[in-house]
Amino acid sequence: VLFKDISLTIEVPEGTTLLEAAEEAGLDIPFSCRKGKCGTCKIKKLMGDVSVAEGAAVSEVEASEGVVLSCVSKATTDLVCETTLQGEELQAEVVEIVERTSDTKSFLLFFENPQYKTFEPGQFITIGPVINGKKNFRCYSISSSCENNDHIEITIKRQKKGVVSNYFNDSVKVGDKIPAKNPSGH
């Protein structure tokens, strides 16, 4: 697989997803669910063929434009791809933290870009805090009302082995800046 936008060619063993092969080669493609449901790992296929798992979070229009989810796509021929579908990334400022339970907190995030302040019910936001020198992307459902247009609220429950959930619950403070992407999903 040639990733044209970054001039990198990687070998993809048979039966291996594009995301797994990219990680093995040290390429950092953002991901979250690894099941084809969230859309975080979208890349664009310019040439070649892939097999894609059923139910992947790619619209018909996106699929016709060559968009595939790297976490559930396997190369069936040589490929030429681009990794530039990750969307604009902005800094969200944590403006308030509300402790909901002993293991759950809500984080109110402010974005200067008005595009980030509008969302529909059921959407999620992808955040990418840098933890131990590595960006860790995760998707969280938006828990604030879509009628509120001055912030986005996400609620994060601590998970036993959750790198990002534990980071948020233990380390994030008001005033911190967190990399985030535009709300998405349906």
Side-chain angles (χ1 to χ4, degrees), residues 17 19-20 22-23 27-43 53 55-59 61-62 67-72 83-186:
T17 67
L19 178 61
E20 292 167 337
E23 288 178 314
L27 179 57
D28 189 20
I29 295 176
F31 68 91
S32 187
C33 74
R34 291 188 179 267
K35 296 177 183 165
K37 303 297 181 195
C38 73
T40 303
C41 66
K42 288 178 183 175
I43 60 174
V58 175
S59 71
V61 172
E62 288 176 317
V67 175
V68 297
L69 299 177
S70 62
C71 72
V72 293
T83 63
T84 54
L85 287 179
Q86 301 309 318
E88 180 183 16
E89 187 177 291
L90 292 179
Q91 296 294 310
E93 181 178 354
V94 178
V95 294
E96 186 178 346
I97 300 172
V98 179
E99 188 166 335
R100 301 291 183 191
T101 67
S102 62
D103 64 353
T104 304
K105 293 180 181 178
S106 291
F107 299 84
L108 279 67
L109 307 175
F110 174 80
F111 296 90
E112 290 191 19
N113 183 336
Q115 164 187 342
Y116 277 66
K117 297 176 187 175
T118 58
F119 57 92
E120 297 175 13
Q123 287 194 303
F124 61 87
I125 190 161
T126 303
I127 56 172
V130 177
I131 304 169
N132 297 325
K134 183 178 187 309
K135 196 172 281 189
N136 291 267
F137 287 94
R138 297 294 185 276
C139 299
Y140 289 99
S141 295
I142 299 171
S143 53
S144 50
S145 168
C146 53
E147 292 179 4
N148 172 5
N149 59 6
D150 67 340
H151 71 272
I152 287 179
E153 180 178 332
I154 57 174
T155 301
I156 301 177
K157 180 177 176 156
R158 179 184 305 282
Q159 300 296 314
K160 187 175 184 178
K161 294 183 181 181
V163 172
V164 175
S165 68
N166 289 327
Y167 172 78
F168 263 80
N169 277 277
D170 294 339
S171 302
V172 171
K173 306 286 183 249
V174 170
D176 286 357
K177 304 277 186 169
I178 306 293
K181 296 186 179 189
N182 200 31
S184 57
H186 307 285

Peer 1: How far apart are the closest heavy atoms of F168 and F107, and which atoms are they?
Peer 2: O-CZ, 3.4 Å
Peer 1: How far apart are the closest heavy atoms of L69 and G36, and which atoms are they?
Peer 2: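 Heavy atoms only, the tightest pair is CD1-O, 3.4 Å.
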Peer 1: Is it the case that R158 and N166 place a side-chain donor and acceptor less than 3.5 Å from each other?
Peer 2: yes
Peer 1: What pairs meet the side chain to side chain donor-acceptor pair (under 3.5 Å) rule with one or both residues in residues 131-142, with sequence neighbours excluded?
Peer 2: E89-K135
Peer 1: How many angstroms lie between SG in C41 and CG in L19, if you round to the nearest 0.5 Å?
Peer 2: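 If we round to the nearest 0.5 Å, C41:SG and L19:CG are 6.0 Å apart.
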Peer 1: Measuring from I127:CD1 to Y167:OH, what's the distance to the nearest 0.5 Å?
Peer 2: 9.5 Å
Peer 1: Do C71 and K35 have side-chain heavy atoms sitting under 4.5 Å apart?
Peer 2: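 A side-chain contact is absent here, since even the closest heavy-atom pair is not under 4.5 Å.
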Peer 1: Does any part of the side chain of I97, heavy atoms only, come nearer than 4.5 Å to the side chain of S106, both counted from C-beta?
Peer 2: no
Peer 1: Any side-chain heavy-atom pair from K181 and F137 closer than 4.5 angstrom?
Peer 2: yes
Peer 1: Which distance, rounded to the nearest 0.5 Å, do you find between the CG of D103 and the NZ of K160?
Peer 2: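 Answer for the CG-NZ pair, D103 versus K160, is 13.5 Å.
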Peer 1: Considering residues at least two apart in sequence or located in another chain, which fulfil the side chain to side chain donor-acceptor pair (under 3.5 Å) criterion with E23?
Peer 2: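 With sequence neighbours excluded, E23 shows a side chain to side chain donor-acceptor pair (under 3.5 Å) to R34, given in chain and number order.
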Peer 1: Given 3.5 Å as the limit, does a donor-acceptor pair link the side chain of S165 with the main chain of I156, or not?
Peer 2: no
Peer 1: For a 4.5 angstrom cut-off between non-hydrogen side-chain atoms, does F124 reach C139?
Peer 2: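 In contact.
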Peer 1: Working to the nearest 0.5 Å, report the span between CD1 of I152 and CD of Q123.
Peer 2: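 One gets 8.5 Å once the value is rounded to the nearest 0.5 Å.
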Peer 1: Does some side-chain heavy atom of R100 sit less than 4.5 Å from a side-chain heavy atom of K157?
Peer 2: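 Heavy-atom side-chain distance check fails, nothing below 4.5 Å.
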Peer 1: Heavy atoms, side chains only, cut-off 4.5 Å: are L109 and V95 in contact?
Peer 2: no
Peer 1: Does the side chain of L108 come within less than 4.5 Å of V94's, by heavy atoms?
Peer 2: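 When only atoms from C-beta onward are counted, L108 and V94 do not touch, as no gap falls below 4.5 Å.
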Peer 1: How long is the span from the CD atom in E96 to the NE2 atom in H151, to the nearest 0.5 Å?
Peer 2: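 Rounded to the nearest 0.5 Å, the CD-NE2 separation comes out at 7.5 Å.
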Peer 1: Ignoring hydrogens and geometry, is there a side-chain-to-backbone donor-acceptor pair from K105 to V98 under 3.5 Å?
Peer 2: no
Peer 1: Who are the side chain to side chain donor-acceptor pair (under 3.5 Å) partners of T17, not counting sequence neighbours?
Peer 2: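 Expected list: E20.
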Peer 1: Would you call E93 and K177 a salt bridge, taking side-chain N to carboxylate O under 4.0 Å as the test?
Peer 2: yes
Peer 1: Could you grab the distance from atom CD1 of I125 to atom CD1 of I178, nearest 0.5 Å is fine?
Peer 2: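 Reported to 0.5 Å precision, the distance equals 11.0 Å.
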